[in-house]
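Reviewing the structure listed below.
Quick note on labels: first sequence line is chain A, next is B, and so on, each numbered from 1.
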2 protein chains.
Amino acid sequence: MSAETTDFARALREAGLRVTQQRLALLSILMDAADHPNADELLARARGLDDSMSLATVYRTLSALEEAGLIRKLSLEGEPARYEIAPVAEHDHLVDVETGEVIELESDEINRLRAELAAKLGYEIVSQHTLIRARKLRG
Amino acid sequence: MSAETTDFARALREAGLRVTQQRLALLSILMDAADHPNADELLARARGLDDSMSLATVYRTLSALEEAGLIRKLSLEGEPARYEIAPVAEHDHLVDVETGEVIELESDEINRLRAELAAKLGYEIVSQHTLIRARKLRG
DNA sequence: TTGACTATTGCGAATGAATTGCATTTACAG
DNA sequence: CTGTAAATGCAATTCATTCGCAATAGTCAA
């Protein structure tokens, strides 16, 4: 097993989860994914590694991994949720309204403003996410 | 009819939509709502005014009104979408993770930062929304 | 006003993402 | 190795939302 696989196993154990083929498969698929796959796409890719995986397991695994903080669920409007490996730094998303492409946005400054805004109201932020729908400008 | 009802009728006509009892009812309910009701709640309230309204009509009307820019759909994680009258100034939302209460946030500054961010990537913003989940700090 | 045209509605059935019950399998502690 | 609870696969279910279709009701022109 590669170093990465070992890391996933440790991460699972630290989260109090058993290390299963299915969980390792989904984690490695998400780690390698350049895009933000949804449950069906994850199932299709996972079956390339282990053709017995079921959709129910994909959903249950994704919930468990999200709860453990290992992955992030990205709920978009009118389409199935997409998933990504939990980013080291939190980031927001920009969806190209024409192509559906998802672009990751960094902005510490925005995060700081939001934290201040919440604090002013007497709240501490649990999670925050900005979703921008945008159209590519003609070059 | 009150001035408000007349305004709604004009708004509908300007959007190229027929002025129906159902649309007026939903618009006035949303205008008066202090909260952010979902489709079921809107149906229940609408039946107080017109007990023949159907859930299908609620959904179809909400889509039409949203498309016309008269209302805004607020998609939350794991629960039915909620709706609000289209605000004069765009704003974001903070959801209290303990009570489910939705608080509206103003931040021109954040909006400006997001527009800049998008422009830098060659995009023009179609819509943008920030959802913060937060916990009330002990006084 | 009246009639005609077509958007809108109500109803029930259908859809589709996500969840669940249950019997079987598997991880892993002892 | 063995026992036990956790995890899985499958099929059935849930629930928000959408759709087909016949009936109704806005709107527009005469």
Do A/L62 and A/L30 pass the side-chain contact (heavy atoms from CB on, under 4.5 Å) test, and can you show the C-alpha distance, the side-chain angles, and the key distance before you say yes or no? CA-CA 10 Å; A/L62 290 172; A/L30 280 172; 4.3 Å; yes
Salt bridge (Lys or Arg N to Asp or Glu O under 4.0 Å) between B/R135 and A/E124, worked out: CA-CA 5 Å; B/R135 191 187 333 274; A/E124 70 173 331; 3.5 Å; yes
Carefully, step by step, assess B/I103 and B/D96 under the rule side-chain contact (heavy atoms from CB on, under 4.5 Å). CA-CA 8 Å; B/I103 295 169; B/D96 185 314; 5.7 Å; no
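Scanning all heavy atoms of the two residues, the minimum distance from A/V97 to A/R133 falls at CG1-NH1, 3.4 Å. A pairwise comparison of heavy atoms in A/A15 and A/A68 identifies CB-CB, 3.6 Å as the closest pair. The shortest heavy-atom contact between A/D35 and A/R45 is OD2-NH2, 2.7 Å. When all heavy atoms are compared, the tightest approach of A/K73 to B/E77 is NZ-OE2, 2.9 Å. Between B/G100 and B/V95 the shortest heavy-atom distance is O-CG1, 4.1 Å. Between B/S54 and B/L43, the shortest heavy-atom contact is C-CD1, 3.8 Å.
Applying a 4.0 Å cut-off to non-hydrogen atoms, the residues of residues 39-59 of chain A that approach DNA chain C are A/A56, A/Y59, listed by residue number. Proximity of residues 71-83 of chain B to DNA chain D (heavy atom under 4.0 angstrom from any strand atom) is restricted to B/P80, B/A81.
DNA chain D is contacted by both A/G16 and B/N38; A/G16 maps to the nucleotide lying nearer its 5′ end (nearest heavy atom per residue).
Residue contacts shown for A/R60 include a base, since a base heavy atom lies under 4.0 Å away.
Heavy-atom contacts of chain A under 4.0 Å fall on DNA chain C between two terminal nucleotides, which in 5' to 3' order are C/dA17 to C/dC28.
Rounding to the nearest 0.5 Å places CG of B/L70 at 11.5 Å from OG1 of B/T61. Distance check, rounded to the nearest 0.5 Å: CG of A/L94 to CZ of B/R114 gives 11.0 Å. Here the straight-line distance linking atom CZ of B/R60 with atom CG of B/L65 works out to 13.0 Å at 0.5 Å rounding. One finds the CZ atom of A/F8 at 4.0 Å from the CE atom of A/M31 (value rounded to the nearest 0.5 Å).
Under the 3.5 Å distance criterion, the side-chain polar atoms of A/S63 are matched with a main-chain donor or acceptor of A/Y59.
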Heavy-atom contacts, protein to nucleotides 24-30 of chain D, under 4.0 Å, summarised as B (base), S (sugar-phosphate only) or - (none) per nt, yield -BBS---
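Comparing the end axes of the helix from C/dT1-D/dA30 to C/dG30-D/dC1, each fitted to five base pairs by superposing C1' atoms of four pairs onto the next four, gives an inter-axis angle of 40° (nearest 10 degrees).
Applying the ring-ring contact (aromatic ring centres under 6.0 Å, His included) test to pairs two or more places apart or on separate chains, those with a residue in residues 87-110 of chain A are A/H36-A/H93, A/H91-A/H93, A/H93-A/H129.
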